[in-house]
Amino acid sequence: MSESKDFLRTIVEEDLKSGKYKEVITRFPPEPNGFPHIGHAKSICINFGIARDYHGHCNLRMDDTNPTTEDMKYVEALKDAVTWLGFEWADKVYFASDYFPKIYDYAVQLVKMGKAYVDSLNEEEIREYRGTVTTAGKRSKFADRSIEENLDLLERMKKGEFKDGEHVLRAKIDMSAPNMKMRDPLLYRIRHAHHFRTGDEWCIYPMYDFAHCLSDYCEGVTHSICTLEFENNRDIYDWVLDELELKLPRPYQHEFARLGMNYTVMSKRKFLELVNDGYVNGWDDPRMPTIAGYKRRGYTAESILNFCDQIGIAKANSMVDVAQLEFCIRDDLNTKVPRVMCVLDPLKIIIENYEGEEEIDASCYPHDVPKEGSRKLPFSKEIYIERDDFMENPPEGYFRLTPSQPVRLKHAYILTCKEVVKDANGNIIEIKAEYHPDSRSGSDTSGIKVKSAIHWVSAKHAKAVEVRLYERLYSVEAPEGLEDLNPDSLHIIKNAFVEPAVITQKPDVRFQFERQGYFYADPIDYTDDLPVFNKIVGLKDSWTKKAEAPKSQTKKVLVEGTVAPMSEEEQVFFDKYTLAFGLNNEIANILARDAELSSFYEETLSFVNSPVSLANIVANEVARELKLEATLKFSAKEISELVTMIDEGTISNKIAKQVFEEMAKSGENPTAIVEAQGLTQISDPEKLKPIIDEVIAKNPDNVAKFKAGNTNLFGFFVGQVLKNSGGKANPTVVNELVTEKLKHV
RNA sequence: UGGGGAUUCGCCAAGCGGUAAGGCACCACGUUUUGGUCGUGGUAUUCAUAGGUUCGAAUCCUAUAUCCCCAUCCA
């Protein structure tokens, strides 16, 4: 769990605290038209996580309002995913289709209220009538139908008297709304299609915008959390719920940024293509970013949960690095999984001075993993090592076996190369070597220093297994389509050699193959005759990485923009403000370009002649309130009072901002606020000095840092003094005193 | 182009007027019979840019730039 809470939890907490809701109810509402992916995992973690954290509950609801794309097999996949991640939904799986009768009743109600109508325009006409982002749409002539006619038509739509596309039900909102979604959105369409749950009972189906908010409401959902692309739909969500005048409380929608990850696609449409056209072996192919894929590959639920926790929740579109996910699975498996040896690309070693065989008792966990367990490791004259672990002409920094460099066989003896045997083409076929009898692991008296220990397997005792190595599915950071697919994403090794201890285990187990990575016995294809292991993720490798070139970074390019010219009247104001009042250009500009601000400013000026101070506060503070609130709670006269207090030094600018906020919130008089709260500023150095001394005395560390050159800390001291004085200390005086004091400490 | 969002290190992300958190990645050193793990230290004088307000700005104001979403009878 991260220390700081995200913005959604902040909202939930506030809503609980204010009593808006007694209990938090969330929902995870996928459409069952594909397998859930890692992005769904994020959503699951958010919705179920928030419910868990605040002792509410989360519903699993299938948003099954489009009969043509949905299927029960996807419902099962969704249930599996949620369960596997370790969450439980409240009582049962909910379906939007269960609400079809209720939703229909609400539609009838809207029609009766005159807020919805049956439109008989065809699809193209509806599109045309909607207008564009810059031009208003126009309303259909059918919008004027009587309530009775609409009711009759809707009823007959439901009964199946019309063909697909003949009519639709629309909300009567505003065809010229700047938000395109609000231009009389469709509520129902006719679809003579078989629904996987309701069968042929219905031939009209509610649209997302109508069904979703009402489904949420029916379930008593409090926080309807969805992704950013639904921001524009929030207006409809609110419109439906408000116009229906439903009994409160009602849910509210909040949006977060969906998960984006490099080298990965997150689109169900693209997954469908990969699966259907055979680019991968099904939805659970270990290269797929589906939850089923990660599960099959060997990822643990804990690692995914941890990943979701680490990436955070915010509103900025972002692209998470897959390295973050890989870290999570390594981190989880490191302490959980036994170490074992497997040679992927074998090179035979004949140990000429070794006869017979022996069994070595080898621990399954390294010294830093606090777990018990060991296995018997057979050793004999002929062994296999990784081809990579021998080099005839090694580069500098190579720690493994070379003609002149001995190496330790992990858990066993130190080995020295004696002869390199090659075929006619010069390929190395085997190595003849010697072992050092007195170098046995744990009782080494040989005194030989070795740079590394390599993994190996006894040739006679090794078992052949199939190992499937996976690379990223896409070879570019931001993949678009098939052309970005990595042609080498799957590499199958038919004959990897594994030590005997590995195959005595059952499928559904994980190992670390030492120095290679983490592997998972494939839960489906693994058999006793042909054990199959999936590579989950490699170990961090700082040796091969050294060879790769660092990637270049691109700098941002700045583009100059243009500023709209001032109108004539604005120019008049601007000139007056700069020339007659002596305002700086920036402030004069802000005031002159905003008619509301300039008239407010002129009004304040009639009470007190302090053009600069007034301009500053109007252009900065008043401007903000005007943006936020439709009507101001304070008058021009009160602002002039506030400014007078600043000008006369009664209060500091800091206090003035505080007082201003009070005025904006409560509408109280500034003088009254200052008097009631005793906010008059303290400028007497004798009163301030003790406070400063105390702050200095209490923060010796920071004084030292300041002395060492961290001048940023100056603000810290001033801030502390101001805080201790209740904000009333005169900052200018405090600054002087603190500067002086710090010099002599 | 109208509307709605966003912009803090290579990648995520805290922060909401008073000392620029944390994680990943990266670098260095130490430990290590995994070139793993672990430990220690290093990585933003600066928060898209430019101005303004303030004793003090990532935080407030103004303008500009860039990116994302919306004109499916999909969700």
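Just so we're clear, the structure is a prediction, and the values are computed from it rather than from any experiment. Reminder, nothing fancy here: chain letters follow the sequence lines and each chain counts from 1.
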Taking only the side-chain nitrogens and oxygens of [X], find out if one of them lies under 4.0 Å from OP1 or OP2 of [N].
X	N	result
A/R339	B/U33	no
A/R593	B/U62	no
A/N653	B/C55	yes
A/S318	B/A13	yes
A/K627	B/C60	no
A/N616	B/U54	yes
A/N122	B/C73	no
A/T65	B/A75	yes
A/R130	B/C73	yes
A/K540	B/C26	yes
A/R189	B/C74	yes

Taking the six-membered ring for Trp, are A/Y601 and A/Y577 parallel (under 30°), tilted (30 to 60°) or perpendicular (over 60°)?
-> perpendicular

Chi class for B/U72: syn within 90° of 0, otherwise anti |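 Here B/U72 takes the syn form, which means its glycosidic angle is within 90° of 0.
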
Whether A/W543 stacks on the six-membered ring of B/G35 base, 5.5 Å and 30° limits | yes

Under 5.5 Å between ring centres and under 30° between planes: does that hold for A/F716 against the base of B/G18?
->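 The base of B/G18 is not stacked with A/F716 (the test needs centres under 5.5 Å and planes under 30°).
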
Can you list the steps and then say if A/D63 with A/H212 is a side chain to side chain donor-acceptor pair (under 3.5 Å)?
-> CA-CA 8 Å; A/D63 213 354; A/H212 203 93; 2.9 Å; yes

Check every atom of B/C61, B/A75, B/A71 against the side chain of A/I590 and return the nucleotide holding the closest atom.
->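 Nearest to the side-chain atoms of A/I590, counting from C-beta on, is B/C61.
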
Could you check which of B/G51, B/U34, B/G5 has an atom nearest any side-chain atom of A/A453?
->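 The answer is B/U34.
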
Distance in angstrom units between A/E736 CD and B/G56 C1', rounded |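 Rounded to whole Å, this separation is 15 Å.
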
What is the distance, rounded to the nearest whole Å, between atom CD of A/E621 and atom P of B/C60?
->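 To the nearest whole Å, that distance equals 11 Å.
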
